[in-house]
Amino acid sequence: MLRRGLRINHFSRRFSSTVKEIDYKLNGQDIPDDATVFSMVQPTGKFHLGNYLGATRAWKDLCDLKKDNQRLVFGVADLHAITIPKQDVTEFRLFREEALASILSMGVDPEKAIVMHQSHIPQHSQLHWILSTFTSMGYLNRMTQWKSKSNIHKNNVSEADLGSVKLGLFSYPVLQAADILLYKSTHVPVGDDQTQHLELTRSLALLFNRTYKTNYFPVPVTTLTPTKKILSLNNPEKKMSKSDPNQQGVIYVNDEPEQITVKINKALTDNISDRFYYDNENRPGVSNLINIVSGIQRKEIPEIEKDISNINNYRDFKKYVSEIIIEELRTPRKNFKRLMKEPDYLKSIVDSGNRRARAIAEKNINDIMKIMGLN
Ligand code: AMP
Ligand code: TRP
């Protein structure tokens with residue numbers, strides 16, 4: 001049986017300077033007193049349990065623990081979202097609003113964190129251009145996301161394959177690096193699927209610093225939670241994702257209790273029906289559910305295994321899991337519903353967040369231009 005705890009300790013020791021595994025509950029010492037923490041989500045629909053446990057619950061924890069000299073910036077990556085085939089404008093507006101309401105519904109406090117829309121801070125695009133002059137096509141070519149989003153599943157990509165791939169999708173990770181570096185961010189809380197983009201960000205920070213003999217950009221640390229990868233309920237080979245054609249595998253933060261129960265009851269498991277324990281290799285479906293419970297309850301896997309050691313049938317196991325998820329999402333669900341009825345409030349929050357973000361971005365881009373002789 002593969003114990004996740006052992007694997008994580010090994011991993012975090014090797015990469016301690018660039019990738020940091022935080023515990024289930026963030027603790028005051030995890031993030032330095034003068035840190036700038038930055039992260040965003042794409043407005044491609046409502047938040048799901050993966051977004052919540054992988055990233056955004058940590059944003060709330062960071063707000064709760066915020067110290068005076070720390071800066072927290074969380075945003076809606078609407079410029080990234082337009083790299084997918086063009087969508088209905090009304091729906092896109094709704095998705096942006098839902099993303100904002102989702103961030104706030106998690107408990108992110110707009111008094112403590114700047115909450116903004118990427119497209120309203122033009123310096124993101126400006127720095128994107130600057131960084132694109134540092135980024136090699138070879139590096140971008142090796143990255144996986146543009147290939148998977150373009151349905152290309154091989155290493156040697158032909159000209160025909162490239163035919164319809166847009167430059168914006170190819171250069172998506174450079175814009176992400178610009179987002180992060182624009183605020184001179186030191187810590188970036190994200191899920192596992194973003195680690196490749198963060199590696200590029202670090203390379204670009206170092207390359208810029210080396211080129212201009214400066215230490216202007218901090219080298220940002222990726223912060224990952226123990227639940228950095230939540231899997232689809234009905235295909236535990238894939239991560240839980242908004243774009244999954246099979247939506248039964250995705251639990252949304254605002255799903256009603258009955259919907260959650262139905263989805264958990266249909267979750268793909270296995271035929272060992274009298275014992276429930278974590279074994280990611282041989283029992284991925286059951287392990288994913290245990291992982292979700294451990295994330296929600298902020299308890300190590302062995303503790304959860306102890307808690308469920310008396311359960312000896314799937315009906316009870318799934319009831320146990322459903323009830324824990326339903327309870328956890330009760331407040332975000334209520335908040336989300338309320339916030340979606342308060343568009344003026346949402347607008348006032350994001351207007352103020354945009355203003356605060358722009359003030360930082362303007363100063364920093366001026367400094368960057370000065371360093372580069374562009375002033
Ligand atoms: P996205 O919805 O793709 O913009 O993702 C927003 C945040 O949630 C990012 O930090 C992702 O890494 C994280 N995330 C997305 N899906 C999952 C998942 N299935 N498990 C854990 N984290 C996830
Ligand atoms: N690419 C991220 C995602 O799909 C969203 C994102 C855009 C982001 N810019 C970022 C995350 C900067 C962290 C930091 O979830």
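The analysis underlying the following values was restricted to heavy atoms, covering all of them including side chains, and did not include hydrogens, waters or symmetry mates. In listed order, ligands and their atoms are each counted from 1.
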Asks: Measure the spacing between CD of E98 and CZ of R96 and express it to the nearest 0.5 Å.
Replies: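 Spacing of CD (E98) from CZ (R96) equals 12.5 Å.
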
Asks: Output the distance between atom OH (Y320) and atom CG (D307), rounded to the nearest 0.5 Å.
Replies: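 Rounded to the nearest 0.5 Å, the OH-CG separation comes to 4.5 Å.
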
Asks: Classify the side-chain pair Q297/E303 by whether it contains a donor and acceptor separated by less than 3.5 Å.
Replies: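 There is no such pair between these side chains.
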
Asks: Given the rule in the salt bridge (charged side-chain N to carboxylate O under 4.0 Å, His left out) test, do R298 and D61 qualify, once you have shown the distances and angles that lead to the verdict?
Replies: CA-CA 12 Å; R298 302 184 192 260; D61 294 345; 3.0 Å; yes

Asks: Within a distance under 4.0 Å of any heavy atom of V188, pick out the atoms of ligand 2 and give their elements.
Replies: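 Going through ligand 2 atom by atom, the ones under 4.0 Å from V188 are 13 (C), 14 (C).
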
Asks: How far is atom 9 (N) of ligand 2 from the closest protein heavy atom, and which atom is that?
Replies: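 The closest one turns out to be D179 OD2, 2.7 Å.
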
Asks: Determine the minimum heavy-atom distance between N246 and V250, stating which atoms define it.
Replies: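 So the minimum-distance heavy-atom pair works out to O-CG2, 4.2 Å.
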
Asks: In terms of side-chain geometry, is the basic nitrogen of E327 or R330 positioned less than 4.0 Å from the acidic oxygen of its partner?
Replies: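 Yes, E327 and R330 are salt-bridged.
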
Asks: For A77, counting its heavy atoms only, list the atoms of ligand 2 lying under 4.0 Å from any of them.
Replies: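 Contacts of ligand 2 toward A77, numbered from 1: 7 (C).
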
Asks: Which protein non-hydrogen atom lies closest to atom 5 (C) of ligand 2, naming both residue and atom, and how far is it?
Replies: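 Protein heavy atom with the smallest distance to atom 5 (C) of ligand 2: M40 O, 3.6 Å.
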
Asks: Decide yes or no on salt bridge (charged side-chain N to carboxylate O under 4.0 Å, His left out) for D64 and K60, but give the supporting numbers first.
Replies: CA-CA 6 Å; D64 293 345; K60 178 207 182 300; 2.5 Å; yes

Asks: Restricting to non-hydrogen atoms, name the atom on R57 and the atom on G295 that form the minimum distance, rounded to 0.1 Å.
Replies: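 It is NH2-O, 2.7 Å.
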
Asks: Return yes or no for this condition: an N or O of H197 is under 3.5 Å from an N or O of ligand 2.
Replies: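 No, H197 has no N/O under 3.5 Å of an N/O on ligand 2.
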
Asks: Give yes if a backbone or side-chain nitrogen or oxygen of Q194 is under 3.5 Å from a nitrogen or oxygen of ligand 2, and no if not.
Replies: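 Such a contact does occur with ligand 2.
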
Asks: Out of all atoms in ligand 2, which are within 4.0 Å of some heavy atom of H80? Include the element for each.
Replies: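 In order of number, 7 (C), 9 (N).
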
Asks: What residues sit with at least one heavy atom under 4.0 Å from ligand 1?
Replies: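 Its neighbours under 4.0 Å (heavy atoms only) are V41, Q42, H48, G50, N51, G54, A55, V190, G191, D193, Q194, T227, K228, K229, I230, K239, M240, K242, given by chain and number.
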
Asks: Looking at V190, which atoms of ligand 2 are within less than 4.0 Å of one of its heavy atoms?
Replies: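 Matching atoms, with element in brackets: 11 (C), 13 (C).
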
Asks: Distance only, no hydrogens: is a donor on one side chain within 3.5 Å (strictly under) of an acceptor on the other, for N364 and Q123?
Replies: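 Side-chain D/A pair, N364 to Q123: absent.
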
Asks: List every atom of ligand 2 that sits less than 4.0 Å from any heavy atom of Y172, numbering the atoms from 1 in the order shown and giving each element.
Replies: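 Selected atoms, number and element: 1 (N), 2 (C), 3 (C), 4 (O).
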
Asks: Evaluate Q145 for polar contact with ligand 2, using N/O atom pairs at a separation under 3.5 Å.
Replies: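 No, since none of the N or O atoms of Q145 sits under 3.5 Å from an N or O of ligand 2.
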
Asks: In terms of atom number and element, which parts of ligand 2 are under 4.0 angstrom from non-hydrogen atoms of I180?
Replies: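 Ligand 2 atoms under the 4.0 Å threshold to I180: 12 (C), 14 (C).
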
Asks: Are side-chain N/O atoms of D270 and Y314 paired as donor and acceptor at under 3.5 Å?
Replies: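 Present: a donor and an acceptor within the cut-off.
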
Asks: Looking only at heavy atoms, is any part of D193 under 4.0 Å from ligand 2, and if so is it the side chain, the backbone, or both, or is it neither?
Replies: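 For D193, no heavy atom sits under 4.0 Å from ligand 2.
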
Asks: So, K66 and E111, do they make that salt bridge, N to O below 4.0 Å?
Replies: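 E111 and K66: not salt-bridged.
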
Asks: What do you reckon, does Q176 have a nitrogen or oxygen under 3.5 Å from a nitrogen or oxygen of ligand 2?
Replies: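 Min N/O separation from ligand 2 is below 3.5 Å for Q176.
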
Asks: Can R93 and E97 be counted as an ion pair, charged N to O under 4.0 angstrom?
Replies: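 No.
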
